[in-house]
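Presented below is the structure to which this report refers.
Protein chains get the first letters and strands the later ones, always in sequence-line order, with residue 1 at the start of each. Just the heavy atoms: all of them, side chains too, but no hydrogens, waters or symmetry mates, feed the values below.
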Amino acid sequence: MKSIKLPMSMDQLEAYFKKHLGQGIHDLRREEIKKGIKRKPMKLIWFTVDRKYFRKAVMLVSQIHIPHLSVTSGSDRGDFVELIYHFAVNYGHPGDEVSVNIKVHLPKDDLTIPTITDMVPGAITTEREKQEFLGITVKGIPDSRRLWLDENFPRDRYPWRWDETGMESMSRYVHDESEASNPPTAKNPRRGGDKDE
Amino acid sequence: MSDKNTYQVPIGPIHPAFKEPFMVNFVLDGETIVDAEAHPGMNHRGVEFMGMHRNPLKVIPLAERICGICSIVHQHMFTTATEHAAGIEPTERARYIRTILAELERIHSHVLWAGVAAHEIGFDTHLHFTWKVRERVMDLLEYITGNRVNYAMWTIGGVNRDITKKMYPKIEDTLLYYESLYGKLEDIFLGDTSIRLRTRNVGILTEEDALRLCGVGPTVRASGVRKDVRIDQPYAAYGDLDLDYVIPSSFGYENTGDVFSKTLVRLKEIPQSIDLIRQCVDGMPDGDIDSEPRKAVLINKLKKADGEGIGRIEAPRGEAFHYVRLEGGMEEVANWKVRASTYNNLTTYRPMFMGEQIADIPIIAACIDPCIGCMDRAEVVDVRSGERKHFSHEELHRLSVEKTKMLLGGLP
């Protein structure tokens with residue numbers, strides 16, 4: 001691939017990802033939040049990719065320059081687990097940096113995602129964290145040991161999950177015992193005793 | 001060297017004086033480190049889990065308490081991310097006040113770090129000197145916010161207390177005090193032969209490793225990497241201010257990425273912070289400090305908000321990041337991810353430690369400013385005989401001090 005001229009504008013980035021990911025890219029959203037008296041914008045791009053296009057999306061970021069992965073955030077969205085890889089593109093170019101946030105949805109019956117540590121060696125910390133906090137499996141991860149949680153923490157519980165594998169039943173509501181006795185509801189999966197009901 | 005004895009040396013994890021309880025596992029060949037692996041998580045408090053059971057306004061004091069040194073950083077990021085998610089704009093004046101406080105925190109963090117670094121290589125006089133001069137900025141923070149740490153200044157949409165014209169002379173006095181001292185700090189940390197001997201060509205992080213491992217802050221700028229969120233993706237009032245990347249080559253030094261360069265970058269950021277505070281004071285816009293002072297209205301607005309946002313700022317230790325998602329109708333924060341600077345800099349330890357000596361462990365461990373100034377105990381395991389030996393923090397510190405003395409020609 002021919003070398004890319006930096007910094008890439010928002011239009012160029014949008015066209016670049018759309019061209020190379022084709023049908024695998026969904027819900028691309030651009031944001032420019034103007035800040036300060038000079039109204040300099042903070043630029044962001046969000047998009048979702050199908051899991052089979054995920055490594056290609058990261059490869060596209062790594063072809064721009066050595067990728068900077070801020071972190072991966074993840075959340076339990078009910079039927080699926082959403083992972084967001086927060087990359088920063090155009091660093092070193094004052095005011096032109098763009099946050100590229102790549103979302104991947106993993107269905108609950110197949111919580112696997114390929115590793116990206118071959119392209120982004122610094123991603124190992126966040127991949128290990130996602131495994132133990134969300135119960136996903138990162139395929140090909142070079143080191144799958146626990147990083148943050150203690151060895152005594154149950155193997156089948158994941159602190160950021162809101163389903164039966166989550167930590168709600170392990171939590172103690174010392175301020176209001178009645179909340180603990182009520183099972184989580186569909187409307188409020190975080191805790192029982194929803195006051196609105 | 002054909003008959004190699006390798007030893008495993010776990011250092012950490014718990015000591016009351018640790019800011020972040022932490023362990024590093026070393027593999028040694030004699031005195032030389034051949035491998036190093038960081039083991040964090042010794043004091044994982046589940047802050048994100050707690051945050052996801054509170055409304056955003058209640059998360060601010062929690063976020064503030066993630067770290068005692070950079071308590072501004074986390075409240076700043078959380079409020080920025082929540083404002084982004086909820087579409088709330090902070091007032092312009094609040095942006096300037098936030099910037100002034102963030103830069104004051106950078107000064108105190110860097111001066112504190114310089115003291116820790118001096119202590120690790122056996123210069124306790126410098127430790128006492130730097131920590132004494134740090135008190136002035138702590139006093140100023142207390143004068144402005146009412147607290148030495150955990151300032152309770154941030155709120156969604158602005159700040160809780162104003163910086164009035166009456167406060168300007170005291171701010172300027174403090175800035176002048178640091179300006180007058182700066183030459184002395186440079187003489188001590190950059191000019192002193194013995195400090196140079198201990199920091200030059202020690203704990204080297206190459207530019208390539210710094211980029212590949214996604215390192216952040218002064219740790220990577222010392223290697224010549226131009227990454228600084230304040231410049232790359234301006235937040236608060238930084239877009240209005242005039243500032244440039246602080247890298248060693250801008251000051252006639254090489255971008256070697258050793259401990260010396262990291263010290264240099266942190267010291268050079270002090271006058272930069274002084275300049276930024278002056279620019280903020282001079283250009284401070286008039287107006288309100290808070291876009292929605294009625295908290296009940298704000299909570300209601302946040303409850304209805306549906307969206308996601310990021311807070312990304314340049315903490316004294318480097319880029320830090322928060323992600324917040326709010327769901328319409330839900331009072332609690334739907335998702336919150338906290339990522340501090342040390343999280344990304346953990347992976348940079350390995351290349352920095354490789355090939356160095358046991359006596360260099362304290363200074364290299366301290367050079368990314370990870371809040372592990374005090375290492376509790378180390379255990380040496382002879383993998384052949386299974387024999388165990390414990391190194392206390394004092395012993396490691398003694399080894400480091402002896403190395404300094406030896407380099408200076410004195411008896412160990």
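- Of the residues considered (V216(B), D240(B), V229(B), V225(B)), D240(B) shows the highest number of contacts with chain A, using heavy-atom pairs under 4.5 Å.
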Check step by step if salt bridge (charged side-chain N to carboxylate O under 4.0 Å, His left out) holds for R39(A) and E92(B).
-> CA-CA 10 Å; R39(A) 308 309 287 162; E92(B) 290 308 325; 3.2 Å; yes
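- The candidate from D76(A), V71(A), I124(A), D96(A) with the greatest count of non-hydrogen atom pairs under 4.5 Å with chain B is V71(A).
- With a threshold of 4.5 angstrom between heavy atoms, L69(A) approaches chain B through its backbone and through its side chain.
- For chain B, the nearby part of H93(A) is the backbone; its heavy atoms alone come within less than 4.5 Å.
- Contact annotation for T80(B): only side-chain heavy atoms (C-beta onward) come within less than 4.5 Å of a heavy atom of chain A.
- Using a 4.0 Å cut-off between a side-chain N of Lys or Arg and a carboxylate O of Asp or Glu, R339(B) and E129(A) do not qualify as a salt bridge.
- Only the side chain of R145(A) comes within contact range of chain B, with at least one heavy atom under 4.5 Å from a heavy atom of that chain.
- Chain B forms more heavy-atom pairs under 4.5 Å with one residue of H86(A), E31(A), H65(A), M42(A) than with any other, namely H86(A).
- Note: Y245(B) leads Y245(B), Y235(B), W336(B) in heavy-atom pairs under 4.5 Å with chain A.
- Counting heavy-atom pairs closer than 4.5 Å to chain A, the top-ranked of the candidates D244(B), L346(B), I310(B) is I310(B).
- Among the candidates S75(A), S62(A), G74(A), the residue making the largest number of heavy-atom pairs closer than 4.5 Å to chain B is S75(A).
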Test side chain to side chain contact (heavy atoms under 4.5 Å, CB included) on E37(B) and D143(A) and set out the steps.
-> CA-CA 12 Å; E37(B) 188 188 31; D143(A) 183 353; 3.8 Å; yes
Go through the steps to decide whether K103(A) and E308(B) satisfy the test salt bridge (charged side-chain N to carboxylate O under 4.0 Å, His left out), and finish with yes or no.
-> CA-CA 12 Å; K103(A) 297 184 183 184; E308(B) 56 192 346; 2.4 Å; yes
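- Within a 6.0 Å radius of CD in E151(A), other residues, nucleotides and ligands contribute more than 12 heavy atoms.
- Interface remark: L149(A) contributes no atoms to any contact with chain B (heavy atom separation under 4.5 Å).
- Looking at heavy atoms from C-beta onward, Y343(B) lies in side-chain contact with W148(A) at the 4.5 angstrom threshold.
- Between K38(A) and G239(B), the closest heavy-atom pair is CD-O, 3.8 Å.
- More than 12 heavy atoms of other residues, nucleotides or ligands lie within 6.0 Å of CG in D282(B), so this atom counts as buried by the packing criterion.
- Across P67(A), P159(A), A123(A), G122(A), the residue that shares the most heavy-atom pairs under 4.5 angstrom with chain B is G122(A).
- For S99(A) against R312(B), the heavy-atom pair with the smallest separation is OG-CD, 4.3 Å.
- The shortest side-chain heavy-atom distance between T347(B) and P121(A) does not fall under the 4.5 Å cut-off.
- In plain terms, the two heavy atoms of R95(B) and K34(A) that are nearest each other are NH2-O, 4.1 Å.
- For the set E208(B), E89(B), R226(B), R212(B), the entry with the most heavy-atom pairs within less than 4.5 Å of chain A is R212(B).
- Minimum interatomic distance between Y96(B) and I37(A) (heavy atoms only, all atoms of both residues): OH-CD1, 3.5 Å.
- The two residues D232(B) and G92(A) come nearest to each other via the heavy atoms OD1-N, 3.1 Å.
- Note that NZ of K337(B) and CH2 of W160(A) are 4.0 Å apart. Values are rounded to the nearest 0.5 Å.
- Neither the backbone nor the side chain of E132(A) comes within contact range of chain B, judged by heavy atoms closer than 4.5 Å.
- The local environment of NZ in K108(A) is crowded, with over 12 non-hydrogen atoms from other residues, nucleotides or ligands closer than 6.0 Å.
- For the residue pair S70(A) and E319(B), the shortest heavy atom distance occurs at OG-OE2, 2.6 Å.
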